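Okay, so here's the structure we're looking at.
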Amino acid sequence: MNSKFDDKNIYNFWESNGYFNADVKSQKPTYSLLMPPPNLTGELHLGHAMQHSVLDAIARFKRLQGFNVLLLPGVDHAGIQFESTFDKKIAREKLSKQKLGRDKWLEEAWKFKDEVYKSVSHTWRFLGISADWSREVFTLDEGPRRAVYFQFKTFWDKGLIYKGPYIVQWCPKDNTAIENVELEYEERKEKLYFLKYGPLTLATARPETKFGDTAMAVNPNDKRYKDYVGREFEIETLAGKKKMQVIADSAVDPKFGTGVIKVTPGHDFTDYEIGKRHNLPIVTVVDKHGKLTEIAGKYAGMKVLEAREAMLSELKEKGILVKTEDYVHNVAVCERCKSVVEPLISEEWFVKVGDIAKEAIHVINADNIKFLPKNYKKILVEWLDSIHDWCISRSLWWGHRIPVWYPSAQDARSGKVANAKISLESPGKGWVQDEQVLDTWFSSGLWPMSTLGWPSGDKGAFDSDLAKFFPWDFEITAPEIKYLWIARMIMLSKYFVDDIPFKTMFFHGMLRDLEGRKFSKSLGNGIEPQYLIDNWGVDATRMALYTYAIPGRDGRVSRATLDERGKNFRNFGTKLRNVARYIIDLKQPATRDQRPVENGDDKKIIEDLEETVKKVTKNLESLELHLAVEEIYEFVWHKFADKYIESTKQRRADAQPTLEHVLKQVLILLHPFMPFLTEELYQKFEVKRESIMIEDWPITKI
RNA sequence: GGGUUCGUAGCUCAGCUGGUUAGAGCGUCUCGUUUACACCGAGAAGGUCAGAGGUUCGAGUCCUCUCGAACCCACCA
């Protein structure tokens with residue numbers, strides 16, 4: 001080992017000795033942990049640091065216990081998020097998608113990805129993550145690419161994939177359809193407009209979509225309008241007079257506004273459903289850039305809010321606008337870019353997931369997956385129970401391109417699927433590939449399998465990997481992606497390999513600021529892990545993070561509160577270093593050729609140590625890292641240092657064997673949490689193994 | 001509207017399946033620089049565990065309600 005004990009040398013020493021690598025041929029029992037791949041859009045944040053520190057602690061603990069451990073690392077291409085980050089970056093360089101074109105853009109995007117990856121990779125090593133880097137995977141690598149293709153092809157062959165017009169949440173800024181789960185809601189103060197439609201008056205928050213109305217609707221039980229149902233009236237519109245029918249649909253809330261609504265199937269989810277039930281035509285008023293279409297006459301080309309403002313006077317003039325009221329409601333915005341999303345009709349690809357979700361519910365109800373906290377079982381089942389078809393296409397460039405090829409450019413433009421071929425590569429000259437890419441989660445959902453080489457075409461090493469390490473013993477994630485990711489992994493694992501993806505699913509809490517807000521770039525309330533590491537060192541930072549690693553419990557933190565814990569554990573590290581100095585560096589050899597004599601204090605500390613070993617082992621097995629940390633802390637500082645070591649000062653030589661024994665055991669117990677310091681101090685022993693990483697976890701008598 | 005979680009010392013929080021005088025860190029106060037450590041040691045103050053009721057021999061821990069905080073899901077025409 002290198003004589004200099006700085007963290008970097010220690011890390012290189014571990015890595016070059018191959019301690020991080022899992023062995024497919026090992027006879028030892030296996031323990032596998034799957035790292036949730038961080039998005040390659042920036043540096044790792046505090047949540048990642050906590051997550052990965054937890055993974056590493058468990059991996060190190062299991063190695064010491066004698067398991068053949070696989071901690072598999074990887075990163076995610078994170079479609080929308082990466083693309084918007086990258087587009088912002090090139091915009092600062094006065095470039096754009098249009099200027100670069102798809103091929104050049106992708107080339108530059110990969111360069112950017114490599115840059116970001118460097119910082120992520122550096123932070124991982126800095127944190128001491130003992131992952132098997134030889135198996136690192138990126139979601140756009142060849143392996144996942146084949147897995148994604150296999151998935152698409154299978155769904156296609158089974159008739160589970162379809163393309164069709166569908167009302168989607170459209171983000172005009174990112175220029176793509178997004179899923180409900182990618183939305184946020186913001187409370188807005190707007191107006192409710194009361195408009196005269198023939199004999200009826202109705203309330204709407206969106207008068208600008210008036211051009212797309214194809215009916216009026218009332219609740220079937222609403223006596224006030226009973227006589228109007230089924231009749232047709234002539235309506236005054238801004239584009240002349242128009243005939244419109246009154247229909248009855250139970251989706252209408254009689255208590256809202258006047259109890260009458262206008263039905264705009266092209267731009268509202270409820271109206272879309274109503275329209276389907278009553279065979280109403282769909283008229284597109286708002287385009288994908290958030291601007292009004294030609295149908296809006298002189299308002300065409302205006303943005304939604306401009307048009308709304310502009311048309312008011314004409315509505316008033318013509319006597320259509322009866323009155324307005326203040327109206328507070330929630331507006332859906334894009335979680336990534338915060339722009340108001342526009343429900344509109346778009347050609348998208350979908351997967352029918354109903355039956356797959358039902359299977360997943362069975363899997364969850366069979367209780368083979370241990371959820372921490374356990375109430376997430378119920379939460380996931382409820383979501384799966386009310387699942388809708390999965391929109392898997394995104395109008396992006398960054399991601400797995402949809403493996404559908406059209407025989408001609410014309411077919412591609414019109415999206416005519418009839419003669420299309422499913423293929424990873426071009427089927428031949430003249431074939432044109434679908435423009436869209438697949439939803440990021442379409443590849444992330446396969447992560448537990450694709451990282452192990454599934455699906456293997458050649459029955460090579462990959463098969464044995466899957467047999468050896470799947471299902472994963474441990475997975476951890478933030479609760480916010482429980483549906484997007486966790487539910488999908490359960491569904492897809494069941495569907496493709498008929499098994500659970502992981503045995504234990506740990507949902508850690510979210511680290512928030514003192515007001516309880518999420519950390520985000522826009523709020524500027526983030527705290528970088530590097531800040532803590534610079535101040536208190538890696539080991540202390542890890543310890544501080546473990547105190548927050550409680551399933552389902554959010555932690556409210558500020559620089560001050562984190563500094564407090566960081567400082568505390570820095571001090572703890574110093575304490576331990578001094579303990580080792582006293583025991584080993586300042587060792588006092590026995591003056592006489594005598595066997596050391598044990599006394600009651602020695603027995604007591606050994607008993608206390610055994611008790612601590614028992615508790616720490618139990619806490620690690622049950623994944624209560626915060627309790628394990630507390631136990632060791634209490635033992636080392638207050639029992640070992642304050643009491644026992646003080647008591648040995650009069651009988652140093654007699655106590656020496658006990659001092660050394662307890663210290664060595666403590667270092668092993670602490671190694672999963674403070675890997676660097678424990679290795680450094682372990683190297684002081686004369687009799688030792690090559691590294692603390694290949695020590696044995698103390699056996700507990702139960 | 002449906003669901004989940006939380007409300008414990010000045011602050012940030014632990015407290016597993018209910019069991020003796022409720023814990024930690026930081027902060028505050030007193031004392032102490034004896035050769036592991038002042039990034040230290042010895043000690044102290046500080047809590048009717050949000051409130052009310054219930055189950056129990058016994059509740060911070062279980063149940064009900066009230067008040068307060070946060071988050072998730074759905075809807076928002």
Side-chain angles (χ1 to χ4, degrees), chain A residues 180-181 183-185 187-188 190 192-193 195 202-207 209 213 216-217 249 251-253 256-265 267-274 327-332 343 373 375-376 378-379 382-383 386 479-480 482-483 507 509-510 512 514-518 536-537 540 543-544 547-548 550-558 560-588 615 618-619 622 624 626-627 629-631 633-634 637-638 641-643 645-646 648-649 652 659 663:
Chain A
N180 271 323
V181 276
L183 293 178
E184 278 176 9
Y185 291 89
E187 196 174 272
R188 294 273 173 93
E190 296 192 332
L192 194 58
Y193 305 87
L195 307 179
L202 56 79
T204 179
R206 303 202 55 189
T209 60
D213 299 343
M216 291 177 277
D249 195 287
V252 180
D253 178 1
F256 180 84
T258 60
V260 187
I261 65 163
K262 65 193 194 65
V263 186
T264 320
H267 298 283
D268 184 277
F269 280 79
T270 312
D271 292 8
Y272 180 77
E273 294 299 327
I274 295 175
Y327 185 49
V328 178
H329 66 154
N330 292 325
V331 174
N375 59 314
Y376 276 78
K378 206 178 114 194
I379 293 173
E382 278 170 11
W383 184 77
S386 58
E480 61 181 352
K482 54 187 176 290
Y483 305 131
F507 289 101
M510 300 282 288
R512 301 173 179 282
L514 291 180
E515 281 88 65
R517 298 175 305 182
K518 275 199 269 194
W536 314 112
M543 290 291 266
T547 65
Y548 288 104
I550 306 170
R553 287 286 183 91
D554 290 354
R556 297 194 172 192
V557 299
S558 63
T561 62
L562 284 166
D563 275 340
E564 183 188 306
R565 295 197 191 196
K567 180 176 161 194
N568 182 222
F569 287 112
R570 190 273 319 260
N571 292 355
F572 177 71
T574 307
K575 189 76 184 175
L576 192 66
R577 193 172 260 121
N578 278 305
V579 165
R581 199 161 89 89
Y582 172 78
I583 293 174
I584 299 175
D585 299 348
L586 304 176
K587 182 175 186 167
Q588 290 174 1
K615 284 181 178 162
K618 179 175 162 277
N619 292 332
S622 61
E624 295 168 298
H626 63 295
L627 296 181
V629 163
E630 199 179 293
E631 285 299 335
Y633 183 96
E634 169 68 19
W637 202 315
H638 301 300
D642 289 348
K643 300 272 164 25
I645 292 180
E646 285 306 315
T648 64
K649 289 183 176 169
R652 183 58 203 271
L659 284 168
L663 174 61

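Please read all numbers here as calculations on a predicted model, not as lab measurements. Each chain gets a letter, A, B and so on, in the order the sequences are listed, and its residues count up from 1.
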Using atom P of each nucleotide, how far apart are B:U20 and B:A38 to the nearest Å?
39 Å

For the residue pair A:Met543 and A:Val629, establish whether any side-chain heavy-atom pair is separated by less than 4.5 Å.
yes

Roughly, in whole Å, what's the span from NE2 in A:His267 to P in B:C76?
16 Å

Flag, side chain of A:Asp213 to backbone of A:Thr264, donor-acceptor distance under 3.5 Å
no

Kindly indicate whether a cation-pi arrangement holds for A:Arg206 with A:Tyr193, taking the cut-offs as under 6.0 Å to the six-membered ring centre and within 45° of the axis.
no

Between A:Asp268 and A:Glu382, which residue's closest nucleotide on RNA chain B lies nearer the 5′ terminus?
A:Glu382

Between the protein and nucleotides 39-42 of chain B, which nitrogen or oxygen pairs are less than 3.5 angstrom apart?
residue, atom, partner, partner atom, Å
B:C39, O4', A:Asn571, OD1, 3.3
B:C39, O2, A:Arg570, NE, 2.6
B:C39, O2, A:Asn571, OD1, 3.2
B:C39, O2, A:Thr574, OG1, 2.7
B:C40, OP1, A:Asn571, ND2, 3.1
B:C40, O3', A:Lys575, NZ, 3.1
B:G41, OP1, A:Lys575, NZ, 3.3
B:G41, OP1, A:Trp637, NE1, 2.2
B:G41, OP1, A:Asp642, OD1, 3.3

Interatomic distance, A:Asn619 CG vs B:C16 P [rounded to whole Å]
12 Å

Out of B:A77, B:G15, B:U4, which nucleotide sits closest to the side chain of A:Thr204?
B:A77

Side-chain atoms of A:Glu564 come closest, of B:A77, B:A36, B:G25, to B:G25

Would you find a donor on one side and an acceptor on the other, under 3.5 Å apart, between the side chain of A:Thr561 and the backbone of A:Val557?
no

From the list B:U12, B:G25, B:A36, which nucleotide is the closest neighbour of the side chain of A:Arg565?
B:U12

Rounded to whole angstrom, note down the P distance from B:A70 over to B:G60.
28 Å

B:A22 to B:U61 separation - P atoms, rounded to the nearest Å
15 Å

Whole-Å distance between B:A14 P and A:Lys615 NZ?
19 Å

Can a side chain N or O of A:Lys649 be found less than 4.0 Å away from OP1 or OP2 on B:A36?
yes

Could you work out the separation of B:G7 and B:G51 based on their C1' atoms and round it to a whole Å?
11 Å

Given B:C16, B:G15, B:U12, the nucleotide with the shortest approach to the side chain of A:Lys618
B:C16

Provide the distance between the two C1' atoms, one in B:G25 and one in B:C65, to the nearest whole Å.
36 Å

From the candidates B:A14, B:G25, B:A36, the one with an atom nearest any side-chain atom of A:His626 is B:A14

Assign A:Ala217 to base, sugar-phosphate, or nothing according to its heavy-atom contacts below 4.0 angstrom with the strands shown.
nothing

When the P atoms of B:C16 and B:A50 are compared, how many Å lie between them, rounded to an integer?
14 Å

Please check if any side-chain donor atom of A:Trp536 sits under 3.5 Å from a side-chain acceptor atom of A:Asp563, or the reverse.
yes

Once the angle between the rings of A:Tyr633 and A:Trp637 is folded into 0 to 90°, is it parallel (under 30°), tilted (30 to 60°) or perpendicular (over 60°)?
tilted

Check every strand shown and say whether A:Ile261 touches a base, only sugar-phosphate, or nothing at a heavy-atom separation below 4.0 Å.
base

Length of the line joining A:Tyr582:OH and B:U34:P, which is rounded to integer Å
16 Å

Nearest whole angstrom, please: distance from the P of B:C13 to the CG of A:Asn568.
16 Å

Within this structure, what is the CZ-to-P distance between A:Phe569 and B:G25, rounded to whole angstrom?
10 Å

About how many Å separate OG1 of A:Thr547 and CG of A:Leu627, when rounded to the nearest 0.5 Å?
11.0 Å

Whole-Å P distance, B:C26 and B:C62:
30 Å

Euclidean distance for C1', B:G41 against B:U34 (whole angstrom)
11 Å

Would a 4.5 Å heavy-atom cut-off, applied to side chains only, mark A:Asp271 and A:Ile261 as touching?
yes

If you compare every side-chain N and O of A:Arg553 against the phosphate oxygens of B:C6 (OP1, OP2), does one of them come in below 4.0 Å?
yes

For A:Ile379 and B:U5, give me the distance from atom CD1 to atom C1', rounded to whole Å.
9 Å

Going by purine N1 to pyrimidine N3 plus the second Watson-Crick contact, or the G-U wobble pair, all under 3.5 Å, which nucleotide sits opposite B:A42?
B:U30

Could A:Arg553 and A:Phe507 be counted as a cation-pi pair, given that NZ or CZ must be under 6.0 Å from the ring centre and within 45° of the axis?
no

Partner nucleotide, any strand, of B:U64 [Watson-Crick/G-U, under 3.5 Å]
B:A52

Select base, sugar-phosphate, or nothing to describe what A:Leu192 touches, counting heavy atoms under 4.0 Å on all strands.
nothing

Distance in angstrom units between A:Ile645 CD1 and B:U34 C1', rounded:
16 Å

Counting distance alone, no hydrogens or angles: does the base of B:A36 have a donor or acceptor under 3.5 Å from a partner atom on the side chain of A:Lys587?
no

Checking contacts here: which listed nucleotide (B:U4, B:A77, B:A36) is nearest the side-chain heavy atoms of A:Lys262?
B:A77

Do the side chains of A:Glu646 and A:Lys643 get close enough for a salt bridge, i.e. N-O under 4.0 angstrom?
no

Please determine, for the side chain of A:Tyr548, which listed nucleotide (B:A77, B:A36, B:U12) has the closest atom?
B:U12

Pairing partner (Watson-Crick or G-U wobble, both distances under 3.5 angstrom) of B:A69:
B:U5

